[in-house]
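Accompanying notes for the structure given below.
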Amino acid sequence: MKTFYWLLKREFWEHRGAFLWAPVITAGAVIILNIASLIAASISGADWGINILWSQIAAASPGHPSELGSVLTFSALVPMAIVSIVLFLMLFGYCMKNLTNDRADRSILFWKSLPVSDLGTVLSKAVSAMVVAPVIALIVGLVSAVLMMFTLAVAGSMHGINFGQVFWTIPHLGQVLFYMVAMLPVYLVWMLPTVGWLMLCSALSGSRMRTRRWAIALPAAITAVLYWLSLIGPIYGAGTWFLKHVLLRVFLGLLPGGWNSLMNTKQIPQLQIFRSHDAGTNAVTTHIQSSQLVPDMISHSYHMLLTPDFLWGVLVGVIMLGLAVWLRRWRTEL
Amino acid sequence: MSNVIHARGLAKRYKSAKALDGIDLDIESGRIVGLIGPNGAGKTTALKAILSLIRFDGELSVLGMDPRHDRNKLMEQVCFIADVAVLPKWISVEQAVEFVANVHPRFNRARCQEFLARTKLTPKMRVKQMSKGMIVQLHLALVMAIDARLLVLDEPTLGLDILYRKQFYQRLLEDYFDEDKTILVTTHQVEEIEHILTDLVFIRDGKVALSTSMDALGERFTEVMVDPSRTEAARALKPMDERQVFGKSIFLYDGVPHAQLEALGEIRRPSVSDLFVATMKDTYA
């Protein structure tokens, strides 16, 4: 257990830039840009953009959460979305090289001179990708969402808008942030097969170029062949199936919320709120619908854990990580 | 007390070539063994089998364990320095010490700090900022602070200047080696380690060409400096090798009694490098 902790720490030392600084710097940049544009807007004072929004919120009757308020809530999530994309790109790179790099620079000979099991090593890299990096990104995302909301609230108060009115709109910012935290275990299970696949390719490959060829080009080529076979007829629909469940999974597997691509949105009527922002919506109905939205999305995501896409994913992911451990045991060179 | 390394018929075949072709090896505790051979002879392959970095055929036990199965346990007792470039570039001195201290049960941090204090290394310094010599100093400080029973060195001083090379072996002898430890070293710089070896193994084309203790080597092999007038008599005793130095011929004999050779001229123990050249002379032919 102690060794495993230090293996995780080792990964963090090596990848501090990707795990910590990349999300911190992007989130920081978003917030600074936002503050700068708020300042620019209030100096110019023109009738555009955020200034119109302020006046519309101010005009909405007090005590009734307006949909414009929820727009503000979601704009607070912008840094979080950007951090998610950074996390996605960073994990893709990390998983594709974490079992190649130390063979390329031969430092594997140092790591292997220590009494550390290959299982422990491979698991520490998988856990870094599936837990450490996402948790850091989540914390950075949550902090930046709150900071973003705070700057918006301060800016709003200068336009005569009550902070409470903005903050307590629906969906409640706290509820949305809770959704992000609650999705972490689902995200972990979701990404397992993709992490397994990329790390297996990384353990197998003789160079970083070749990792990419294995990891992406191989499933893409199989998709193309299956599509072609579907045209001839013997296995109708196989290409589409493979595209949706394998090729897309290679990419979406590392994207926070990627499983929503498989979700049937009709099962969550509240999701309609995202589609119709028309002014005629009855405020009370909106309130009921959307306060139910986050719990519904959470329960729906957890139900998806039992669907074949997740269950097979776990099986495939575990097998691939097992193969990566075996390769790690005997392959010390490129 | 069983042997530190015991191998019978150790073999490794790569796709096209035999890297190890049935090696028998016995190494006792408290020895410093030089594993010497030309490029491609199989030295590194043998070390990799001992360190359980590759699969192999045949019988091999290291410290009484089969490296194929008990690798984690084995690596608590075995240390390893490959040539200089294997410490990861990103790691700093303090991180390296911290990590090894926390994953290695036999690591003595105070001892390591003591060794580091004798160098110019500072805690925050990263490997990528160090010269080759400094990297080796760091690696050596880490390894010497581990109370291991077998230390494997694969060309540890490759690319180092002579000051670092001398210091490297001096440190090992003065501060590390004792009768409970065993050192197995491969190098091409035979002359520099000749005086510290207790045993010598020549390896060629995946086979052991010669395995002897340095004491027995002096008994078995003799070099004689012969006057030109007596070269015929010298050749009659079937020397392994003959070379000319300053008009005199130097003959190298295997297993000819000293008494018989003293009649031919001045006798002495051959250097390991001369013996190596004589043994391997047609390797690349």
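Per chain, numbering begins at 1; letters A, B, ... match sequence-line order.
- Remark: B/Lys73 NZ is loosely packed, at most 12 non-hydrogen atoms of other residues, nucleotides or ligands lying under 6.0 Å away.
- Both the backbone and the side chain of B/Ser52 have a heavy atom closer than 4.5 Å to some heavy atom of chain A.
- With sequence neighbours excluded, the residues forming a ring-ring contact (aromatic ring centres under 6.0 Å, His included) with A/Phe19 are A/His15, A/Tyr94, listed by chain and number.
- No more than 12 heavy atoms of other residues, nucleotides or ligands shown are found within 6.0 angstrom of CH2 on A/Trp312.
- Between the CD atom in B/Glu98 and the CH2 atom in A/Trp6 there is a gap of 4.0 Å [rounded to 0.5 Å].
- In summary, of the residues considered (B/Ile81, B/Asp154, B/Val86), a side chain to side chain contact (heavy atoms under 4.5 Å, CB included) with A/Leu109 occurs for B/Val86 alone.
- Here the CH2 atom belonging to B/Trp90 is positioned 5.0 Å from the CZ atom belonging to A/Arg10, to the nearest 0.5 angstrom.
- Contacts of B/Leu53 with chain A are made by both backbone and side-chain atoms, with heavy-atom separations under 4.5 Å.
- Contacts between A/Arg328 and chain B at a heavy-atom distance below 4.5 Å are absent for every atom of the residue.
- Contacts of B/Lys48 with chain A are made by side-chain atoms alone, with heavy-atom separations under 4.5 Å and no backbone atom involved.
- Neither the backbone nor the side chain of B/Arg126 comes within less than 4.5 Å of any heavy atom in chain A.
- Proximity to chain A (any heavy atom under 4.5 Å) is restricted, for B/Leu142, to the side chain, taken from C-beta onward.
- Listed options B/Met75, B/Gln95, B/Arg106 were ranked by heavy-atom pairs under 4.5 angstrom with chain A; first place goes to B/Gln95.
- For B/Val78, the part lying near chain A is the backbone, with the side chain staying farther off; criterion is any non-hydrogen pair under 4.5 Å.
- In this structure, CG on A/Leu114 lies 11.0 Å from CD on B/Glu76, to the nearest 0.5 angstrom.
- Remark: side-chain polar atoms of B/Arg71 are paired, donor with acceptor, to backbone N or O of A/Lys112 under 3.5 angstrom.
- Considering only heavy atoms from C-beta on, A/Trp111 stays 4.5 Å or farther from B/Val103 through its side chain.
- Here the CZ-CZ distance, from B/Arg55 to A/Arg329, works out to 9.5 Å after rounding to the nearest 0.5 Å.
- At a threshold of 4.5 Å between non-hydrogen side-chain atoms, the residues B/His104 and A/Pro115 count as touching.
- Using a 4.5 Å heavy-atom threshold, the side chains of B/Asn72 and A/Val116 count as separate.
- Aromatic ring pairs are classed by plane angle as parallel below 30°, tilted from 30° to 60° and perpendicular above 60°; the pair A/Trp13 and B/Phe99 is perpendicular.
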